[in-house]
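Below, read A as the first sequence line, B as the second, and so on, with proteins coming before strands; counting in each chain starts at 1. Hydrogens, waters and symmetry mates are skipped; everything else that's a heavy atom, side chains included, is used.
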Protein chains: 2
Amino acid sequence: MGRPKEFDPDQALCAALQVFWKRGFDGASMTDLTEAMGITRPSLYATYGNKEDLFRKVLDRYEQSHLCFVAEALDEPTARETIDRLLKGYADVLTNPLHPPGCLGLNSAVCGGAESEPIRQELIARRSLSEETLRKRLERASAEGELGAGEDPADWARYVMSVGLGMAVRAASGATREELYRVAQIALRALPAAQAASRQLEGVEA
Amino acid sequence: MGRPKEFDPDQALCAALQVFWKRGFDGASMTDLTEAMGITRPSLYATYGNKEDLFRKVLDRYEQSHLCFVAEALDEPTARETIDRLLKGYADVLTNPLHPPGCLGLNSAVCGGAESEPIRQELIARRSLSEETLRKRLERASAEGELGAGEDPADWARYVMSVGLGMAVRAASGATREELYRVAQIALRALPAAQAASRQLEGVEA
DNA sequence: GACGCATTATATCGATCGGTATGAAATTAT
DNA sequence: ATAATTTCATACCGATCGATATAATGCGTC
């Protein structure tokens, strides 16, 4: 009942995603958002709540639409392939010309005024969650004999996340996809030779 | 002639450095700055110019005071020691409890409103300059036989900078120094074995 | 057609943004 | 002492910030 909406809330959310991605949470003004979304301020507040609420909805959408490759990467058979696909997939997203360069979850996380501290905390929490997921995957790899005896999966998860974040910063500064690929390629070299795992996979060991 | 200043411009600049470091360029308001510096707005504008001018002066001071270890690292005899000292030294700065966590040059670089675009461009330019310096150092290492035949110094410079930037993001999110050390340690493993260089240094080759 | 309801459009809220105009206070030169 | 000069304190500038109050508009229901 009542007057129907004149816009598609999901489509408008995508427009907001682009603005937040490019400007960050603090840098995106309500005027920027409403203009890009093609709606008025009251419509925005009625549909999504305040700026923080809108940003959290954008974040959810971002993870679903642009970070879905992470789940696939974690399903790779080896840690090496997981990390390789993680970094390559991340490089693809960071430099996709269909979106602003860099990572939405990073562009709003590093700096900002005192009033946006809750947002930064939320982004830190989400990133920790990602890292924890990767760590668990690497613990499995460690249990399966991959990743030598003295290696700490937590250290490796931290390392991979750090390389990814560094790539994100570089992407936001204009790095090309090929440059990021080469960074990922070099980063992979830090991995132990992983002969144990490949032997195990090829059935040589038994 | 005239009334003498009631504050030390250099000391006030350090106070401004702290604020910009913590909040980033956009996130630091003139009120934040004047309160931390202990001076009034007219004094600030008369002494340093506008907000952008002040930030550039802060940047110069930052590089002199907190990034001086870079020059020392570049003087190390081998590429491995250079990179090691670079990443360790960076980790030290990023987690020094005397300053806000993270990197000033990064905290203001990633996100922000449209009006602070010139600042972001300047930060990108300064970072490119750093990377170029590192690349030249690695080219020397390559010419000296370190860094295997097929290795591109530019790729390695990009890789090292990416790891450093990732560490900076993590530091801004609360990472500890030990965590960053372990990231740096793993990052170093990507380097080729460098037997040629060590042989050369030890005089074994001749 | 009249009523109730949800969504629009317009105008505006107080607060804060970066940046200044205006004088009073404090120093040196005369 | 007086004039010249510079800094400091106060108040304020127009613009923009996120967020709303008010009322006109469009729909389903009765």
Exercise: do A:R137 and A:T133 side chains pair donor with acceptor under 3.5 Å: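 No, because no side-chain N or O of A:R137 sits under 3.5 Å from a partner of the opposite role on A:T133.
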
Chi angles and distances behind the salt bridge (Lys or Arg N to Asp or Glu O under 4.0 Å) call for B:K88, B:D84: CA-CA 6 Å; B:K88 295 256 176 67; B:D84 182 83; 3.0 Å; yes

Pairwise salt bridge (charged side-chain N to carboxylate O under 4.0 Å, His left out) hits with a residue in residues 125-134 of chain A, at least two apart: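 Listed by first then second residue: A:D60-A:R126, A:E63-A:R126, A:E122-A:R126, A:E131-B:R170.
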
Presence of salt bridge, B:R158 and A:E178, under 4.0 angstrom: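 No salt bridge links A:E178 with B:R158.
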
A:E81 bridged to A:R85 by N-O distance under 4.0 Å: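 Not counted as a salt bridge, because no side-chain N and carboxylate O are separated by less than 4.0 Å.
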
Contact list for DNA chain C against residues 8-18 of chain B - heavy-atom distance below 4.0 Å: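 Going residue by residue through residues 8-18 of chain B, none turns out to have a heavy atom under 4.0 Å of DNA chain C.
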
Under 4.0 Å protein heavy-atom contacts per nucleotide of nucleotides 17-30 of chain C, with B for base, S for backbone only and - for none: SBBBB---BBBBS-

All side-chain contact (heavy atoms from CB on, under 4.5 Å) counterparts of B:K22, not counting sequence neighbours: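 Partners of B:K22 by the side-chain contact (heavy atoms from CB on, under 4.5 Å) criterion, ordered by chain and then number, come out as B:P100.
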
Range on DNA chain D touched by chain B, heavy atoms, distance below 4.0 Å: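 Going 5' to 3' along DNA chain D, contacts run D:dT5 to D:dT10.
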
Rounded distance (nearest 0.5 Å) linking atom OG of B:S142 with atom CG of B:D152: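 One finds 8.5 Å between OG of B:S142 and CG of B:D152.
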
Value rounded to 0.5 Å, distance of CE in B:M167 from CG in B:L94: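 Rounded to the nearest 0.5 Å, the CE-CG separation comes out at 5.5 Å.
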
Residues, nucleotides or ligands: over 12 heavy atoms within 6.0 Å of A:E115 CD: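 Correct, the count exceeds 12.
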
Per-pair distances, 0.1 Å, donor-acceptor, side chain in residues 35-43 of chain B, under 3.5 Å, sequence neighbours excluded:
residue: B:T40; atom: OG1; partner: B:S43; partner atom: OG; Å: 3.2
residue: B:R41; atom: NH1; partner: B:T31; partner atom: OG1; Å: 3.2

